[in-house]
Amino acid sequence: MPDELDVLERHPKTAKPGEVMRPHNLMCFGCGAESPHGLQLEMYAGEGFTVEAKMPVEQWMEGGPGVIHGGILSSALDDVMGMTPRLLGPPGVTVHLQVDFLQPIPVGKTLHLRAEILGRQRRKIYTEGVAHLGDPERPVARANGVFVTVDVREHFAEHVENSAKAAEYMGGKPQL
Ligand SMILES: CCCCCCCCCCCCCCCC(=O)SCCNC(=O)CCNC(=O)[C@H](O)C(C)(C)COP(=O)(O)OP(=O)(O)OC[C@H]1O[C@@H](n2cnc3c(N)ncnc32)[C@H](O)[C@@H]1OP(=O)(O)O
C-alpha cells in the first residue's frame, strides 16, 4: 500500500452500520440473490469502513474431503472486500487478490467474513479480509484485495449483453 493516501469518507447515501448492502448485481456469483450456483452472500455495512457477511459452508462447497474448497473461500473474501468501495461511493473491480489459508474450514460450519478498507489512493482502494468460525481471535483465513473504482456503464458496456439480466440493464432499469 502506498504511503500517500486520500482521506476516507463514508458516502452519505451508503448503507448505515447494520444495514444490508445492495448486491453488486443480482446475478453476481458472490452476492447475487438470483445467482443459481452462487454463494448468495448477504452483506451488512459495519462500523467505520467495514462490511460483514456470514456463509454456511455447504456440502457442494467441498474441496478436500469435508473441508471448503480454497477457490470458494477466495471468492467469498473477494466479494466481501469487493463490497467495501461502495461505502465510499462508486463500485470497484478487483485488480489484485491475495489469500492466506490458515486452517482447514469444515463443511457444516458457518464462516464469518469481515472486510475493511485500509486506505485509498485515487481510484485504488486497499482492503483486507478476515474469516473465522465464530471466534474472531482465531482467524481461519486472511486476504488482501486491491479494487479500482470504475464507471460501471462504461466498464461493462461491451459485455453487458452477455448478462442474464441484459434486458433489464440495457433497458436502463437495472434491478440492483
Ligand atoms: C451496465 C451494467 C451495470 C452493472 C452494475 C454493477 C456494478 C457492480 C460492479 C462491481 C462488481 C464487483 C464484483 C466483485 C469483484 C469482482 O469479481 S471484479 C472481476 C475481476 N476484475 C476485473 O475484471 C478487472 C479487470 N481489470 C480492468 O478492467 C482494468 O484493469 C481496470 C480495473 C478497469 C483498470 O484499468 P484503467 O481504468 O485503464 O486504469 P489503470 O490506469 O490501469 O489503473 C488505475 C490504477 O490502478 C492501478 N492498478 C491497476 N491494476 C493493478 C493491480 N493489478 N494491482 C495494483 N494496482 C493496480 C494502476 O497502477 C493505477 O494506479 P494509479 O495510476 O492511480 O497510481
Side-chain angles (χ1 to χ4, degrees), residues 1-11 13-15 19-46 49-55 61 68-101 111 113-131 141-176:
M1 191 164 70
D3 291 334
E4 287 184 17
L5 296 170
D6 304 337
V7 173
L8 294 180
E9 211 175 317
R10 268 178 94 108
H11 191 278
K13 290 190 176 165
T14 197
E19 285 182 358
V20 176
M21 296 187 77
R22 278 186 309 166
H24 292 121
N25 158 20
L26 285 172
M27 301 308 295
C28 174
F29 178 80
C31 59
E34 294 183 21
S35 174
H37 308 295
L39 306 177
Q40 303 194 349
L41 294 171
E42 193 169 52
M43 308 233 199
Y44 292 85
F49 301 97
T50 63
V51 172
E52 292 175 5
K54 286 182 192 168
M55 183 177 85
M61 299 176 176
I68 199 170
H69 189 281
I72 296 278
L73 175 61
S74 303
S75 294
L77 285 162
D78 179 24
D79 221 66
V80 178
M81 291 190 293
M83 191 59 86
T84 62
R86 281 277 185 79
L87 297 170
L88 306 181
V93 291
T94 320
V95 294
H96 179 77
L97 176 65
Q98 180 180 317
V99 181
D100 291 318
F101 302 91
L111 205 49
L113 301 153
R114 184 177 188 275
E116 179 162 14
I117 297 177
L118 300 177
R120 172 193 192 151
Q121 189 191 55
R122 296 182 286 279
R123 292 168 57 204
K124 295 167 297 186
I125 297 173
Y126 296 86
T127 69
E128 74 172 10
V130 182
R142 287 187 189 280
N144 285 99
V146 184
F147 297 83
V148 170
T149 58
V150 292
D151 174 330
V152 290
R153 298 266 158 222
E154 202 176 287
H155 183 78
F156 295 105
E158 199 184 326
H159 306 288
V160 67
E161 66 184 15
N162 302 317
S163 170
K165 293 277 173 195
E168 285 152 74
Y169 285 132
M170 296 170 84
K173 290 181 184 168
Q175 299 293 302
L176 296 179

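Hydrogens, waters and symmetry mates play no part in the numbers below; they use all other heavy atoms, side chains included. Whatever order the structure lists ligands and atoms in, that order sets their numbers, starting from 1.
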Under 4.0 angstrom from ligand 1, any heavy atom of Thr94?
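Yes, Thr94 has heavy atoms under 4.0 Å from ligand 1.
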With a 4.0 Å cut-off on heavy atoms, does Ser163 reach ligand 1?
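It does not, in that no heavy atom of Ser163 comes within the 4.0 Å cut-off of ligand 1.
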Using a 4.0 Å cut-off to any heavy atom of [X], which atoms of ligand 1 qualify?
{"X": "Phe156", "result": "9 (C)"}
{"X": "Arg153", "result": "1 (C)"}
{"X": "Gly92", "result": "10 (C), 12 (C)"}
{"X": "Asp79", "result": "14 (C)"}
{"X": "Val95", "result": "32 (C), 50 (N), 51 (C), 52 (C), 53 (N), 54 (N), 57 (C)"}
{"X": "Asp78", "result": "17 (O)"}

Indicate yes or no for a side-chain donor-acceptor contact from Gln40 to the backbone of Ala33 under 3.5 Å, with no hydrogens or angles considered.
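Yes; judged by distance alone, with no hydrogens or angles, the pair exists.
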To check you understand the geometry: which heavy-atom pair defines the closest contact between Ser35 and Phe29, and what is its length?
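The answer is OG-CA, 3.9 Å.
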At what distance, to the nearest 0.5 angstrom, does [atom1] of [X] lie from [atom2] of [Y]?
{"X": "Asn144", "Y": "Met1", "atom1": "CG", "atom2": "CE", "answer": "9.0 Å"}
{"X": "Phe147", "Y": "Met83", "atom1": "CZ", "atom2": "CE", "answer": "10.5 Å"}
{"X": "Asn25", "Y": "Glu34", "atom1": "CG", "atom2": "CD", "answer": "9.5 Å"}
{"X": "Asp78", "Y": "Leu113", "atom1": "CG", "atom2": "CG", "answer": "11.5 Å"}

Any side-chain heavy atom of [X] sitting closer than 4.5 Å to one from [Y]?
{"X": "Met21", "Y": "Thr14", "answer": "yes"}
{"X": "Val148", "Y": "Lys124", "answer": "yes"}
{"X": "Ile68", "Y": "Met55", "answer": "yes"}

With respect to [X], determine whether any N or O atom, backbone or side chain, lies less than 3.5 Å from an N or O atom of ligand 1.
{"X": "Arg123", "value": "yes"}
{"X": "Arg122", "value": "yes"}
{"X": "Lys124", "value": "yes"}

Could you pull out, from Thr149, Val152, Val160, Val148, the option with a heavy atom nearest to atom 46 (O) of ligand 1?
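Shortest heavy-atom distance from atom 46 (O) of ligand 1: Val148.
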Report the part of His24 (side chain from C-beta onward, or backbone N, CA, C, O) that has a heavy atom under 4.0 Å from ligand 1; answer both or neither where that applies.
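Both backbone and side chain.
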